[in-house]
Novice: 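Following this message is one structure expressed as structure tokens.
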Amino acid sequence: MSERKKMSLPGLFKKVASNEPITMLTCYDYPTAHFQEQAGIDMILVGDSLGMTMLGFESTLPVTMEDMIRHAQAVRRGSPNAWLIGDMPYMSYQPSVESAIRNAGRFMAEAGCDAIKLEGGTEMADRLAGIVRAGIPAMGHLGLTPQSVSALGGFRVQGKGAQQAKKIVDDARILEEAGAYAILLEMVPDRLCQLITERAKNCFIISLGSGPHAHGQLLIYHDAFGLYPRFKPRMAKVFANAGQLIQDGLKEYAKEVTERSFPQPENWFGMPDEEYDELIQLLEK
Ligand code: KIV
């Protein structure tokens with residue numbers, strides 16, 4: 001079993017200070033969390049992307065707090081030591097500061113998370129500040145924010161134009177002032193990510209498809225391991241094609257069962273002859 005030390009906020013900021021990139025992946029279930037724990041992944045995000053990757057929805061919008069808590073609990077059981085972040089699902093924080101604090105608290109109390117993440121800039125800064133005031137570390141999320149995909153006009157790069165880029169820079173500063181310990185930049189140009197990273201003083205920046213200059217990198221686990229059948233985003237690299245491996249294994253299973261070459265004696269359990277004979281006698285009575 002793992003002999004890792006529990007990752008903490010000081011531990012994460014220590015990595016930033018020593019210019020060591022932070023590793024981060026999404027995760028939604030116990031066995032994957034176990035593997036990520038063994039691999040020493042620093043930060044795990046139980047993303048509401050589970051609506052797409054695990055539940056097969058077309059977007060993240062149908063995901064509920066109940067879905068998130070159930071999956072976050074499973075991930076915590078598999079990874080006791082990574083810095084675990086619960087992703088606030090759609091409408092769990094947008095309605096009010098109070099709803100934001102209550103639902104953030106559920107991630108901490110019911111799932112053993114270390115922090116939460118929410119999407120949005122200036123307009124969500126009061127929610128983030130309220131959560132931080134309640135003693136819960138909060139991560140911001142700017143650029144492509146999937147819960148606003150309709151308003152953003154689809155899953156596309158954000159901040160390519162100077163005006164939109166300026167808004168993202170301003171939003172990052174406001175989230176930092178609101179108390180965010182980290183900000184995720186999803187699908188913004190690399191130079192914009194670099195600029196925001198260089199300006200960050202009391203928080204660190206994580207990149208998802210936003211280039212190499214951030215303090216750390218995040219990928220969606222299913223994209224990085226060939227497990228999402230609908231598409232592979234350009235920004236993702238497939239580090240191992242587990243999806244293909246599983247598909248091949250499934251075909252082999254179906255073939256062996258059909259051919260009756262599975263199961264073999266090592267795959268079943270026998271019974272002593274005398275017990276079997278007695279059973280037959282009992283049945284004949
Ligand atoms: O839900 C999620 O996994 C996310 C990522 C897209 C960053 O928020």
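None of the values given here were measured: they were computed from a predicted structure. Start at 1 and go down the list; that is how both ligands and their atoms are numbered.
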Novice: Examine distances only and state if a side-chain atom of D67 and a backbone atom of T64 form a donor-acceptor pair shorter than 3.5 Å.
Specialist: yes
Novice: What does the list of residues with a heavy atom under 4.0 Å from ligand 1 look like, ordered by chain and number?
Specialist: T26, L45, G47, D48, S49, D87, K117, H141, L184, E186, L208, L218, I220
Novice: Without placing hydrogens or testing angles, list every side-chain donor-acceptor pair under 3.5 Å for residues 195-205, not counting sequence neighbours.
Specialist:
{"unit_1": "T197", "atom_1": "OG1", "unit_2": "C193", "atom_2": "O", "d": "2.7"}
{"unit_1": "E198", "atom_1": "OE2", "unit_2": "Q194", "atom_2": "NE2", "d": "3.2"}

Novice: Can you tell me which residue among E37, R4, K6 is in a side-chain hydrogen bond (donor to acceptor under 3.5 Å, both in side chains) with N81?
Specialist: E37
Novice: Pick out which of V46, L50, L45, T32 makes a side-chain contact (heavy atoms from CB on, under 4.5 Å) with C27.
Specialist: T32
Novice: Name every donor-acceptor pair, under 3.5 Å, that has one atom in a side chain of residues 239-247 and the other anywhere in the protein, sequence neighbours excluded.
Specialist:
{"unit_1": "N241", "atom_1": "OD1", "unit_2": "Q244", "atom_2": "N", "d": "3.1"}
{"unit_1": "Q244", "atom_1": "NE2", "unit_2": "D248", "atom_2": "OD1", "d": "3.1"}

Novice: With a 3.5 Å cut-off and sequence neighbours excluded, list the donor-acceptor pairs that the side chains of residues 130-153 form with protein atoms.
Specialist:
{"unit_1": "H141", "atom_1": "ND1", "unit_2": "K117", "atom_2": "NZ", "d": "2.6"}
{"unit_1": "H141", "atom_1": "NE2", "unit_2": "L144", "atom_2": "O", "d": "3.1"}
{"unit_1": "H141", "atom_1": "NE2", "unit_2": "E186", "atom_2": "OE1", "d": "2.8"}
{"unit_1": "Q147", "atom_1": "OE1", "unit_2": "Y93", "atom_2": "OH", "d": "2.8"}
{"unit_1": "Q147", "atom_1": "OE1", "unit_2": "Q94", "atom_2": "NE2", "d": "2.9"}
{"unit_1": "Q147", "atom_1": "NE2", "unit_2": "D48", "atom_2": "OD2", "d": "2.7"}
{"unit_1": "Q147", "atom_1": "NE2", "unit_2": "M88", "atom_2": "O", "d": "2.9"}

